[in-house]
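Input: a single structure, listed below in structure tokens.
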Amino acid sequence: MQGLELHAIDLMKRAGKYIRQKMDQAYHIEEKTNKSDLVTEIDQHVEDLLIKGILEKYPDHLIYGEEGRIERPDTLDGTIWFVDPIDGTMNFIRQKRLFAVSIAIMIDGELRYGFVYDVMADEMFHAIKGQGVYENGIRLDPIEDRPVKEAIICMNATWVTANRRIDPNLLAPLVRDAVGTRAVGAASLELAWVAAGRVDGYITMRNMPWDYAAGQLLIEELGGRVGTIEGADMSFLEQTSVLAGSQRFVSDVLTYVQK
């Protein structure tokens with residue numbers, strides 16, 4: 001493994017150990033934008049731990065973190081770490097599982113490294129651009145190219161009921177036609193599961209770069225495709241929709257939403 005990769009994995013393992021030590025103790029919870037968008041003091045402490053660990057070794061690198069514990073870059077120049085200290089905070093609080101630490105590293109606008117660590121399952125998914133994808137050190141096979149009618153789709157029911165972001169009638173037929181749907185509640189894990197072949201696609205109308213950047217590299221390294229629901233490339237500097245899966249799955253979904 002390379003130095004940057006080893007350092008990121010070591011930081012994430014340390015973060016996971018800290019989370020497991022603290023999760024059954026009393027901690028403060030706050031709402032951010034609504035009752036389902038929560039942050040705990042553990043999220044904040046983990047982001048601090050990751051920031052400190054990154055900057056001690058790479059003081060000239062930039063950090064785009066969910067909890068805003070450091071100023072976020074406004075361009076994609078240089079080396080940027082996209083950091084989500086606990087992706088799936090509601091799961092962490094209520095279920096004590098199905099949450100992840102997620103890190104992606106971009107160099108001059110190109111994703112080079114992606115890491116998703118399922119803390120309670122102790123599963124580390126990681127990729128280096130051009131070098132494949134690994135789950136706990138075992139190399140993953142390319143994504144199977146399934147159409148919607150053979151797919152299990154990760155998608156929150158929000159997007160097939162009345163909402164402010166998309167006409168639910170566009171996505172409702174996917175639920176009818178697919179093999180099944182799932183909603184995990186942690187975007188980075190859902191994308192990692194696409195890479196691992198546990199599900200076939202992921203759709204959301206609302207993700208930030210720290211949610212999808214690592215998972216995007218995992219999927220693309222295995223021959224899959226990640227873009228917006230309109231079929232555009234990801235921007236990495238703002239909130240966006242995400243459509244991810246095999247080439248055939250993504251093309252198939254675009255025919256549903258562009259009718």
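Here the structure is a predicted model, which means the values were calculated and not measured.
The shortest side-chain heavy-atom distance between Ile9 and Phe115 falls under the 4.5 Å cut-off. Side-chain contact between Glu144 and Ser246 is absent, with no heavy-atom pair separated by less than 4.5 Å. The shortest side-chain heavy-atom distance between Arg206 and Arg165 falls under the 4.5 Å cut-off. Contact annotation: the side chain of Leu174 approaches that of Ile203 to within less than 4.5 Å [non-hydrogen atoms, C-beta and beyond]. Counting only heavy atoms from C-beta outward, the side chains of Phe249 and Arg146 never approach each other to under 4.5 Å. Side-chain contact check for Leu171 versus Met205: some heavy-atom pair is nearer than 4.5 Å. Residues Phe82 and Met106 meet the side-chain proximity criterion, which asks for heavy atoms closer than 4.5 Å. Residues Cys154 and Val184 have side chains in contact (heavy-atom distance under 4.5 Å, counting atoms from C-beta outward).
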Would you give me the side-chain donor-acceptor pairs under 3.5 Å for residues 48-60, sequence neighbours excluded?
residue	atom	partner	partner atom	Å
Asp48	OD1	Arg69	NE	3.0
Asp48	OD2	Arg69	NH2	2.9

Donor-acceptor pairs under 3.5 angstrom involving side-chain atoms of residues 130-137: please list them, not counting sequence neighbours.
residue	atom	partner	partner atom	Å
Tyr134	OH	Arg139	NH1	3.4
Glu135	OE2	Arg198	NH2	3.0
Asn136	OD1	Met124	N	2.8
Asn136	ND2	Asp122	O	3.2

**Q.** Residues Ile93, Ile29; criterion side-chain contact (heavy atoms from CB on, under 4.5 Å); working and verdict
**A.** CA-CA 9 Å; Ile93 295 167; Ile29 303 171; 3.9 Å; yes

(Q) Apply side chain to side chain donor-acceptor pair (under 3.5 Å) to residues His126 and Tyr113 and explain how you reach the verdict. (A) CA-CA 7 Å; His126 83 272; Tyr113 302 83; over 6 Å; no

Q.
Go through it in stages, so that I can follow the logic: the residues are Leu170 and Tyr256, the test is side-chain contact (heavy atoms from CB on, under 4.5 Å), and I'd like the CA-CA distance, side-chain angles, deciding distance and then a yes or no.
A. CA-CA 6 Å; Leu170 293 175; Tyr256 281 78; over 6 Å; no

Q | Steps toward side-chain contact (heavy atoms from CB on, under 4.5 Å) verdict (Asn91, Lys96) | A | CA-CA 6 Å; Asn91 292 354; Lys96 299 185 185 299; over 6 Å; no

Q | Residue pair Val101, Val116: steps toward the side-chain contact (heavy atoms from CB on, under 4.5 Å) verdict | A | CA-CA 6 Å; Val101 181; Val116 177; over 6 Å; no

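Under the 3.5 Å distance criterion, the side-chain polar atoms of Asn163 are matched with a main-chain donor or acceptor of Thr161. Judged purely by atom type and a 3.5 angstrom limit, Tyr64 uses its side chain to pair as donor or acceptor with the backbone of Leu237. Remark: the backbone N or O of Trp159 is not paired with any side-chain donor or acceptor of Asn156 at under 3.5 angstrom. In this structure a side-chain-to-backbone donor-acceptor pair under 3.5 Å is present from Asp252 to Val148. Proximity of a side-chain donor or acceptor of Asp43 to a complementary backbone N or O of Pro85 within less than 3.5 Å is not detected. Under a 3.5 Å cut-off, the side chain of Thr89 and the backbone N or O of Ile86 do form a donor-acceptor pair. Side-chain N or O atoms of Asp145 include one that pairs as donor or acceptor with a backbone N or O of Arg248 at under 3.5 Å. A donor-acceptor contact shorter than 3.5 Å is absent between the side chain of Arg20 and the backbone of Met120. Side-chain atoms of Glu47 come within 3.5 Å of backbone atoms of Glu67 as a donor-acceptor pair (strictly under, hydrogens ignored). Within the 3.5 Å criterion, the main-chain N or O of Ala183 finds no donor-acceptor partner in the side chain of Glu190.
Closest approach of Ala178 to Ile153, counting heavy atoms only: CB-CD1, 3.7 Å. The two residues Ala104 and Ala213 come nearest to each other via the heavy atoms CB-CB, 3.5 Å. A pairwise comparison of heavy atoms in Asp211 and Leu191 identifies O-CD1, 3.9 Å as the closest pair. The two residues Val250 and Ala244 come nearest to each other via the heavy atoms CG2-C, 3.9 Å. Closest approach of Leu254 to Glu230, counting heavy atoms only: CD2-C, 4.2 Å. Annotation for Leu140 and Leu222: closest pair O-CD2, 3.6 Å, computed over non-hydrogen atoms.
With hydrophobic clusters built from ILVMFWY side chains whose heavy atoms lie under 4.5 angstrom apart, Val83 shares a cluster with Tyr117. Residues Leu11 and Ile70 fall within the same hydrophobic cluster, defined by Ile, Leu, Val, Met, Phe, Trp and Tyr side chains chained together at heavy-atom separations under 4.5 Å. Hydrophobic clustering (side-chain heavy atoms under 4.5 Å, transitive across Ile, Leu, Val, Met, Phe, Trp, Tyr) groups Trp210 together with Trp193. Using a 4.5 Å cut-off between side-chain heavy atoms of Ile, Leu, Val, Met, Phe, Trp and Tyr, with links allowed through other members, Ile219 and Val253 fall into different hydrophobic clusters. By the rule that hydrophobic residues join a cluster once side-chain heavy atoms approach within less than 4.5 Å of another member, Ile128 and Leu217 end up as members of separate clusters.
Counted by atom type alone, Asp87 and Ser188 present one or more donor-acceptor pairs between their side chains at under 3.5 Å. At a cut-off of 3.5 Å, with distance as the only test, a side-chain donor of His28 or Glu30 sits close to an acceptor on the other residue. In this structure, a donor-acceptor pair under 3.5 Å is present between the side chains of Asn207 and Tyr202.
Taken from CD in Gln239 to CE in Met208, the straight-line distance is 6.5 Å, to the nearest 0.5 Å. Expressed to the nearest 0.5 Å, how far CZ of Arg225 lies from OG of Ser251 amounts to 4.5 Å. Atom-to-atom distance recorded for Leu243:CG and Met155:CE is 10.5 Å, nearest 0.5 angstrom. With rounding to the nearest 0.5 angstrom, the CE atom of Met234 is 6.5 Å from the OG atom of Ser241. Note that the CD1 atom of Ile107 and the OG1 atom of Thr79 stand 4.5 Å from one another [nearest 0.5 Å]. Taken from CD1 in Ile105 to NE2 in His7, the straight-line distance is 9.0 Å, to the nearest 0.5 Å.
Remark: Asp118 does not engage Arg97 in a salt bridge, criterion side-chain N to carboxylate O under 4.0 Å. Using a 4.0 Å cut-off between charged nitrogen and carboxylate oxygen, Asp177 and Lys149 do not count as a salt-bridge pair.
Few gaps surround CD on Glu110; more than 12 heavy atoms of other groups in view lie less than 6.0 Å from it. Within a 6.0 Å radius of NZ in Lys13, other residues, nucleotides and ligands contribute more than 12 heavy atoms.
Using cut-offs of 30° and 60° for the angle between ring planes, the Phe236 and Tyr212 rings count as tilted. Between Phe92 and Phe99, the angle of the ring planes goes over 60°, which puts this pair in the perpendicular group of the 30/60° scheme.
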